[in-house]
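Please read all numbers here as calculations on a predicted model, not as lab measurements.
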Amino acid sequence: MIKEGRLGKYMVPDKAFTHGGKFHSDDVFSAALLMYMNPDIVIERGFEVPEDYDGLVFDIGGGSFDHHQKDARKRENGNPYAAFGLLWERYGAQILGEDDARYLDEHMIEPMDLSDNTGCENAMAELISTFNPSWDSPRNKEDAFFEAVFFAKTILKKKFDQILGSQRAEVVVKKALEKAKRRVLILSEFAPWKKTVKGTDVLFVVFPSYRGGFCAQAVPDPEHENELILPFPESWRGAGKETLREVSGIHTLDFCHNSGFLLAGRRFDDIMQACYKTMELAGYEV
């Protein structure tokens, strides 16, 4: 049972215990997650949980956050949990919300859990394993463990920041969608838009370029993520600046990506004109 001391907003205690010896992505990312939620937590390692231990125990001891016992839990799809997945199930929604916590589990955590349980290949698991000292290294294993933990914590923090930023962007993009006209969405500054725009009738998204001027991006096809609903014209793609201006008839355009997904130019009105012209050439009503 966890003793209730200073638990913080995530209700994480000030100490935790995991197994010693060789470490894996499972216990390393578990420790990183706990340190993210409670920077003051002290994580101890050993080969037997101390008697009457009043902290959080993970990846050892057969408790709620272990997966080595016979009755270890599995996900609904049959894939087994490891300690990281069990901790994420408990705390993930508090950090990211239900939907994004589920997404991160499916795309990052579950594959690592599967690797820990079955030995199947996983790039992140293999990367973390390289932090273990080699068999003839004099390096202290505890130092190596915490080096790996701080590396994993950096990855988690950046991933969380990215997802939370996307959540903030969703609010901005939804407001812009309310004002969108003629199948072009205009953003006053770039914000991640693909998730929110997906399934709408928008064909192009226009926003200020970091390099000056403006950009327009074609919206991906919701049924075929690697394809665009309407790419910019074939004759514009990959053309040099002078050729692009000549064939488009728009004299402030600077660049059109070879795949037709991105257009850049100096003037907002001309970027908008390029979007409408692309629609006209493809037979869309403008």
Could you walk me through whether F190 and Q217 pass the side chain to side chain contact (heavy atoms under 4.5 Å, CB included) test, one step at a time? CA-CA 11 Å; F190 175 80; Q217 279 187 251; 4.2 Å; yes

What's the verdict on side chain to side chain contact (heavy atoms under 4.5 Å, CB included) for V28 and F145, showing C-alpha distance, side-chain angles and the deciding distance? CA-CA 7 Å; V28 166; F145 172 77; 4.0 Å; yes

Take H68 and D66 through the side-chain hydrogen bond (donor to acceptor under 3.5 Å, both in side chains) test and state the conclusion after the steps. CA-CA 6 Å; H68 297 98; D66 192 16; 2.6 Å; yes

Could you check L185 against F207 for side chain to side chain contact (heavy atoms under 4.5 Å, CB included), going step by step and ending with a plain yes or no? CA-CA 9 Å; L185 174 67; F207 50 88; over 6 Å; no

Quick one: do L230 and R183 satisfy side chain to side chain contact (heavy atoms under 4.5 Å, CB included)? Show the steps, please. CA-CA 11 Å; L230 180 60; R183 308 193 73 171; over 6 Å; no

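A distance of 8.0 Å separates CD1 in I95 from CG in L156, rounded to the nearest 0.5 Å. How far CG of L34 is from CD1 of I43: 5.5 Å, rounded to the nearest 0.5 Å. Taken to the nearest 0.5 Å, the OG1 atom of T154 stands 15.0 Å off from the NZ atom of K159. To the nearest 0.5 Å, atom CE of residue M11 and atom CG of residue L56 are 12.0 Å apart. To the nearest 0.5 Å, atoms CG (D113) and CZ (F84) are separated by 8.0 Å. To the nearest 0.5 Å, atoms NZ (K175) and OG1 (T196) are separated by 13.0 Å.
Remark: the backbone N or O of S259 is paired with a side-chain donor or acceptor of H257 at under 3.5 angstrom. Judged purely by atom type and a 3.5 angstrom limit, N38 uses its side chain to pair as donor or acceptor with the backbone of V12.
Counting heavy atoms from C-beta on, the side chains of F29 and M108 come closer than 4.5 Å. Using a 4.5 Å heavy-atom cutoff, the side chains of L262 and C256 are not in contact. Two residues are said to be in side-chain contact when any heavy atoms from C-beta on lie closer than 4.5 Å; F131 and V149 fail this criterion. Side-chain contact between H67 and D59: present, with at least one pair of heavy atoms (C-beta onward) separated by less than 4.5 Å. Contact of the K141 side chain with the P133 side chain is registered, since non-hydrogen atoms from C-beta on lie closer than 4.5 Å. Considering only heavy atoms from C-beta on, D143 stays 4.5 Å or farther from E147 through its side chain. Here the side chains of S30 and F65 are not in contact, with every heavy-atom distance at 4.5 Å or above. Taking the side chain as every heavy atom from C-beta outward, F214 and P208 approach each other to under 4.5 Å.
I186 and V202 fall within the same hydrophobic cluster, defined by Ile, Leu, Val, Met, Phe, Trp and Tyr side-chain heavy atoms under 4.5 Å apart, directly or through other members. No continuous path of hydrophobic side-chain contacts links L114 to L86 [ILVMFWY only; heavy atoms under 4.5 Å]. Cluster membership check: F150 shares its hydrophobic cluster with L87, using side-chain heavy-atom separations under 4.5 Å among Ile, Leu, Val, Met, Phe, Trp and Tyr. Linking ILVMFWY residues whenever their side-chain heavy atoms come closer than 4.5 Å, directly or via other members, places Y10 and L164 in the same cluster. F23 and Y36 fall within a single hydrophobic cluster, where Ile, Leu, Val, Met, Phe, Trp and Tyr side chains are chained together by heavy-atom contacts under 4.5 Å.
The number of heavy-atom neighbours closer than 6.0 Å to CG of N226, taken from other residues, nucleotides and ligands shown, is 12 or below. Crowding of E126 atom CD: a count of heavy atoms from other residues, nucleotides or ligands under 6.0 Å exceeding 12.
Nearest approach of D71 to Q69, heavy atoms of both residues: OD1-CG, 3.0 Å. The shortest heavy-atom contact between S115 and A125 is OG-CB, 3.7 Å. Contact record, L96 with A101: CB-N, 4.0 Å, taken as the closest heavy-atom pair. The two residues R45 and H19 come nearest to each other via the heavy atoms NE-O, 3.2 Å. Nearest heavy-atom pair across M124 and N122 is N-OD1, 3.1 Å. Scanning both residues, T18 and F58, for their nearest heavy atoms gives OG1-O, 2.9 Å.
We find that K174 and E170 are joined by a salt bridge, their nearest charged nitrogen and carboxylate oxygen being less than 4.0 Å apart. At a threshold of 4.0 Å, the pair K195-D99 does not count as salt-bridged, since none of the basic side-chain nitrogens sits closer than that to a carboxylate oxygen. Between E44 and K15 no salt bridge is recorded (no basic side-chain N to carboxylate O distance below 4.0 Å).
Of the listed residues (D201, V205, L203, T200), just one forms a side-chain contact (heavy atoms from CB on, under 4.5 Å) with V219, and that residue is V205.
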For residues 237-246, please give each side-chain donor-acceptor pair under 3.5 Å, one per line with the distance, not counting sequence neighbours.
unit_1, atom_1, unit_2, atom_2, d
R237, NE, F232, O, 2.7
R237, NH1, E234, OE1, 3.0
R237, NH2, F232, O, 3.0
R245, NE, H251, O, 3.4
R245, NE, L253, O, 2.6
R245, NH2, D254, OD1, 2.7

For a quick test of your reading: what N or O donor-acceptor pairs under 3.5 Å do the side chains of residues 264-286 make, sequence neighbours left out?
unit_1, atom_1, unit_2, atom_2, d
D270, OD2, T252, OG1, 2.5
K277, NZ, S248, O, 2.5
T278, OG1, A274, O, 2.8

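A cation-pi arrangement is found for R75 relative to Y81, the charged atom lying closer than 6.0 Å to the ring centre and inside a 45° cone about the ring normal.
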